[in-house]
J.: 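Could you have a look at this structure, given as structure tokens, before my questions?
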Amino acid sequence: MYESEWNTAHRNRALAYYLKESNLLELEVEDALAIYLKQCSITVRLDELAKIGLIIAYNGVNPITGEKIFPKEVARIAKVLMVTCGMYNSSGKFAANVGIPAKSGVSGGIVASVPPTCLDDHSCPNQGYGIGVYGPAIDSNGNSTAGTMLLSQLSKTYDFSIF
């Protein structure tokens, strides 16, 4: 996966050079790109994707163990980025129609994070969920076709939209 991405990362490379020119990238472009693409190419199982989504939903805390994995601020930023750009060029449409913070990958995997929704201190109709989906057929924006449809149906059925 990494080698394939490295050989076709023209847009990412161009963006990295733009960031470097704007003094927003401290590393050399090729070094930064290698780190980014390696992070994008890790192997992960669906249950691990769901666990990642769950921990993000609970603001960096694993609700099963109670362990704090990362700060709440990191989770907040992650959810914002997932909503605004996690589904590539269809992020706006996905946010409006599905409303779940999600990040897709070029392999066809999607991690989604449904934060708990509490009406008051005692009533939480949505306890919060992490969802991992995989479908290798991707659309023109690089998102799993089946995964996107499944998340849309889950959101409508269980009212998971954060909007």
Side-chain angles (χ1 to χ4, degrees), residues 1-96 98-115 128-151 160 162:
M1 181 64 74
Y2 169 76
E3 288 179 18
S4 173
E5 287 297 302
W6 180 263
N7 292 328
T8 59
H10 309 302
R11 182 177 297 164
N12 285 328
R13 194 168 270 108
L15 289 169
Y17 276 108
Y18 176 76
L19 292 172
K20 184 71 171 176
E21 177 67 23
S22 300
N23 295 317
L24 297 171
L25 184 63
E26 293 179 16
L27 295 175
E28 291 304 314
V29 167
E30 298 300 309
D31 294 337
L33 193 59
I35 292 168
Y36 170 73
L37 294 175
K38 285 177 183 177
Q39 289 175 342
C40 292
S41 301
I42 61 170
T43 300
V44 64
R45 299 184 320 258
L46 281 178
D47 63 314
E48 293 169 329
L49 277 180
K51 187 175 182 180
I52 292 166
L54 183 66
I55 292 168
I56 293 170
Y58 278 86
N59 293 323
V61 175
N62 182 333
I64 298 165
T65 66
E67 180 184 6
K68 183 176 180 178
I69 308 298
F70 48 83
K72 180 178 182 176
E73 181 67 11
V74 171
R76 186 184 69 77
I77 291 167
K79 286 181 269 193
V80 168
L81 290 171
M82 291 167 81
V83 169
T84 59
C85 56
M87 299 297 284
Y88 303 119
N89 286 347
S90 62
S91 295
K93 181 179 177 183
F94 187 86
V98 181
I100 300 173
K103 173 64 182 107
S104 70
V106 295
S107 67
I110 303 174
V111 59
S113 184
V114 183
Y129 306 95
I131 305 169
V133 296
Y134 174 73
I138 58 173
D139 63 21
S140 61
N141 290 308
N143 300 311
S144 167
T145 305
T148 301
M149 290 189 314
L150 177 61
L151 289 170
F160 283 166
I162 62 170

J.: Could you state the interatomic distance from SG (Cys85) to NZ (Lys103), rounded to the nearest 0.5 Å?
T.: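 One gets 7.5 Å once the value is rounded to the nearest 0.5 Å.
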J.: Please step through salt bridge (Lys or Arg N to Asp or Glu O under 4.0 Å) for the pair Lys51 and Glu48, ending with a clear verdict.
T.: CA-CA 5 Å; Lys51 187 175 182 180; Glu48 293 169 329; over 6 Å; no
J.: Regarding Ser90 and Asn143, is there a side-chain donor-to-acceptor distance under 3.5 Å anywhere?
T.: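 A pair is found: one side chain offers a donor N or O, the other an acceptor, under 3.5 Å apart.
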J.: Could you walk me through whether Leu33 and Trp6 pass side chain to side chain contact (heavy atoms under 4.5 Å, CB included), step by step?
T.: CA-CA 8 Å; Leu33 193 59; Trp6 180 263; 4.1 Å; yes
J.: Checking side chain to side chain contact (heavy atoms under 4.5 Å, CB included) for the pair Ile110/Ser104: CA distance, chi angles, key distance, verdict?
T.: CA-CA 4 Å; Ile110 303 174; Ser104 70; 3.8 Å; yes
J.: Report yes if the side chains of Val44 and Val111 come closer than 4.5 Å at any heavy-atom pair, otherwise no.
T.: no
J.: Which atom pair, heavy atoms only, marks the closest approach of Phe94 to Ala102?
T.: CE2-CB, 3.7 Å
J.: If you apply the rule side chain to side chain contact (heavy atoms under 4.5 Å, CB included), what do you find for Ser113 with Met82, and how did you get there?
T.: CA-CA 9 Å; Ser113 184; Met82 291 167 81; 4.1 Å; yes
J.: Give the minimum heavy-atom separation between Leu37 and Ala9, together with the two atoms involved.
T.: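 Heavy atoms of Leu37 and Ala9 come nearest at CD1-CB, 3.9 Å.
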J.: So Met1 and Thr43, do their side chains get closer than 4.5 Å, heavy atoms only?
T.: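 Side chain of Thr43 against side chain of Met1, heavy atoms only: no contact under 4.5 Å found.
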J.: Taking everything shown except Tyr18 itself, do over 12 heavy atoms lie less than 6.0 Å from its OH?
T.: no
J.: Is there a side-chain contact between Cys40 and Val106 (heavy atoms, below 4.5 Å)?
T.: no
J.: Compare every heavy atom of Asp139 with every heavy atom of Thr145, then report the nearest pair and how far apart it is.
T.: OG1-N, 3.7 Å
J.: For Val114 and Ala57, which heavy atoms make the closest approach, and how far apart are they?
T.: O-CB, 3.5 Å
J.: Taking the side chain as every heavy atom from C-beta outward, state whether Val98 and Met87 have any atom pair closer than 4.5 Å.
T.: no
J.: For the residue pair Leu151 and Ile131, what are the closest heavy atoms and their distance?
T.: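 Leu151 and Ile131 have their closest heavy atoms at CD2-CG2, 3.8 Å.
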J.: After noting the C-alpha distance and the side-chain angles of Ile56 and Phe70, does the key distance pass the side chain to side chain contact (heavy atoms under 4.5 Å, CB included) rule?
T.: CA-CA 9 Å; Ile56 293 170; Phe70 48 83; 3.9 Å; yes
J.: Just verifying a value: how many Å separate Ile100 CD1 and Phe160 CZ, rounded to the nearest 0.5 Å?
T.: 6.5 Å
J.: If you take all heavy atoms of Tyr88 and Ser91, which pair is closest and at what distance?
T.: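 So the minimum-distance heavy-atom pair works out to O-OG, 2.7 Å.
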